[in-house]
Amino acid sequence: MDTICAISTAPGVGGIAVIRVSGPDALQVCDRIFQPKVAGKSLSRQKAYSLTYGSVAGEDGEIVDEVIAAVFHAPHSFTGENTVEISCHGSTYIQQRILQTLITAGCRMARPGEFTQRAFMNGKMDLSQAEAVADLIASTSAGQHRLAMNQMRGGFSRELANLRDQLLELTSLMELELDFSDHEELEFADRGELRTLSGKIEQVIARLAHSFSVGNVIKNGVPVAIIGETNAGKSTLLNALLNEEKAIVSDIHGTTRDVIEDTININGQLFRFIDTAGIRETSDTIEALGIERSFKALDQAQIVILMYDLTRDTDESRSFCQRIAPRLSGKSVILALNKCDLYPESLPSHPEFPEDWHQIAISAKSKLHIPELKRLLTETSSLSSIQAGDIIVSNARHYEALTHALDAIHRVQEGLQTSLSGDFISQDLRECIYHLSDIVGEVTTDQVLGTIFQKFCIGK
């Protein structure tokens, strides 16, 4: 295997950059360009986890930069290979010069995700943990960070390992009977115990698969639809929540013709806000298309902010809420009583609403009570009940494998119920094990690996 190098820090974000070199000749290659400040301190002679101060010289012998080189010996490194991490100044020119010098000295540029891929290939982590590295880098909220860290530390992997051990116990008992197929009366596996064990396994796999809906929300943001009549203040509220002029605001009815989306981090949770076209009867073809998209966004939302304009006729507002209420079944609804700043003493009377709807008086224009609305959003979100140690699936590939494993264990249960031949039940057990093993990379093909790691950024 050859020796690779790449910049492992984001460009232009700090005064220091790190260039990682990994492979069998990492120490020797770095010695060709590294000049230690103290004679005899070549990197090849340094102990593991040591730092050495020196400089990097170009092909012409000119000093490129003064650096600190960290040495890691195989297998005790991120990749499991000999590794040197060179900390230099953050100048783009300096970084590129050092890379050019390393390539001339015998390295090649790393491909996207190649450092993490080598860590996986060298047994430093399983595939689910490797995929969590990319999620950790991309995390923008506390929930995403917690999810990625738990997976990277092996919480998900341990759950799968426990499942595989139980499945292998089932399979070994079933296949032992096949070795004595000439004696049909022999049963090494008690069918009652097998049904009980398969039921427990089915519950765990189903729980993991079901958690994907929550994991997907953590990863992509809690979908929040802002709906209401035209000119109720929906776009003004979106701008107030985002603290920027994202949506066009106008007194003209029907200004918003399409769905506008953006995300914001509130108290460590990511929310995906969807500003929709005002809902009303219209003969305008374009506006009607926008309203149709509003209903689609409403169907996909977990939380709905229903804008209620306090300055409008109460009967009209009551009629609108009655029409829209059937579409809000099963969703968390926040009734935002907008333009409350126009009523400094007391709010006017308003119609009765379902008891499970949260109500809050706000002014989107003056941003009155917007912090309270944000707190209500985090309390309303289902993510508030998630604990740090919970195993949550957020990867679509993992979810697909779990659904296949769940189908297989269902067939096992059906086979046990109908006294199906042991060889068929054993085959379904093997298929379930296969799909669980695919998640951690025990049976994954090179094509799948290539697809996974090419999505990584270079240097990771």
Side-chain angles (χ1 to χ4, degrees), residues 1-119 121-122 124-125 130 133-134 136-140 145 149 152 453 456-460:
M1 188 171 285
D2 48 6
T3 300
I4 58 175
C5 64
I7 300 168
S8 289
T9 45
V13 295
I16 300 296
V18 175
I19 296 173
R20 179 180 284 165
V21 184
S22 181
D25 299 324
L27 299 174
Q28 291 78 6
V29 166
C30 289
D31 270 337
R32 294 172 193 151
I33 70 166
F34 181 75
Q35 298 177 356
K37 287 298 181 182
V38 178
K41 290 281 188 178
S42 65
L43 299 179
S44 299
R45 297 179 181 178
Q46 298 308 303
K47 295 180 179 180
Y49 314 120
S50 63
L51 300 176
T52 305
Y53 176 57
S55 56
V56 171
E59 301 90 330
D60 54 3
E62 180 183 1
I63 299 299
V64 177
D65 193 18
E66 293 187 343
V67 303
I68 294 178
V71 172
F72 305 88
H73 292 168
H76 306 296
S77 69
F78 176 76
T79 61
E81 304 172 328
N82 286 339
T83 301
V84 177
E85 292 183 352
I86 300 172
S87 298
C88 62
H89 289 97
S91 159
T92 301
Y93 170 77
I94 290 174
Q95 295 175 60
Q96 293 301 322
R97 278 291 309 275
I98 293 177
L99 280 180
Q100 292 172 4
T101 306
L102 284 167
I103 291 170
T104 302
C107 284
R108 70 162 173 82
M109 277 293 296
R111 294 185 292 269
E114 191 168 4
F115 290 112
T116 308
Q117 185 171 4
R118 289 191 176 196
M121 299 299 292
N122 292 327
K124 301 299 291 184
M125 59 180 69
V133 173
L136 186 65
I137 294 168
S139 63
T140 57
H145 174 265
M149 283 300 298
M152 198 168 77
F453 288 107
F456 280 54
C457 53
I458 294 175
K460 296 294 180 275

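Heads up: numbering here begins at 1 and tracks the sequence.
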Minimum heavy-atom separation for [X] and [Y], please, with both atom names.
X     : Y     : result
Gln46 : Ser42 : NE2-O, 3.1 Å
Val18 : Thr9  : N-OG1, 3.1 Å
Asp2  : Pro24 : O-CD, 3.8 Å
Arg20 : Ser8  : CB-OG, 3.5 Å
Asn82 : Ala26 : O-CB, 3.4 Å
Ile98 : Cys88 : CD1-CB, 3.7 Å

Close side-chain approach of [X] and [Y], heavy atoms under 4.5 Å:
X      : Y      : answer
Asp65  : Arg97  : no
Ile137 : Phe456 : no
Glu81  : Met1   : yes
Gln28  : Thr3   : no
Met125 : Thr116 : yes
Phe78  : Arg118 : no
Val67  : Ser87  : no
Arg111 : Ile4   : no

What's the spacing between [X] [atom1] and [Y] [atom2] if we round to 0.5 Å?
X     : Y      : atom1 : atom2 : answer
Ile16 : Ser91  : CD1   : OG    : 11.5 Å
His76 : Tyr49  : NE2   : OH    : 5.5 Å
Glu62 : Thr101 : CD    : OG1   : 10.0 Å
Cys5  : Phe115 : SG    : CZ    : 7.0 Å
Ile7  : Leu99  : CD1   : CG    : 4.5 Å
Ile86 : Phe34  : CD1   : CZ    : 8.0 Å

Checklist line | Donor-acceptor contact below 3.5 Å, side chain Lys124 vs main chain Pro75 | finding: yes
Notebook entry, point to check: Can you tell me if Gln95 uses its side chain to pair, donor with acceptor, with the backbone of Gly90 under 3.5 Å?
Noted result: yes
Exceeds 12 heavy-atom contacts within 6.0 angstrom, atom [atom1] of [X]:
X     : atom1 : result
His73 : NE2   : yes
Arg32 : CZ    : yes
Lys37 : NZ    : yes

Item checked: Those residues that, when tested against Ser44, pass side-chain hydrogen bond (donor to acceptor under 3.5 Å, both in side chains) (two or more places apart) -> Asp31
Margin query: I'd like to check the side-chain hydrogen bond (donor to acceptor under 3.5 Å, both in side chains) partners of Thr104; sequence neighbours left out, ordered by chain and number.
Written below: Glu59
Check: Salt-bridged, Arg108 to Asp25, with N to O below 4.0 Å?
Finding: no
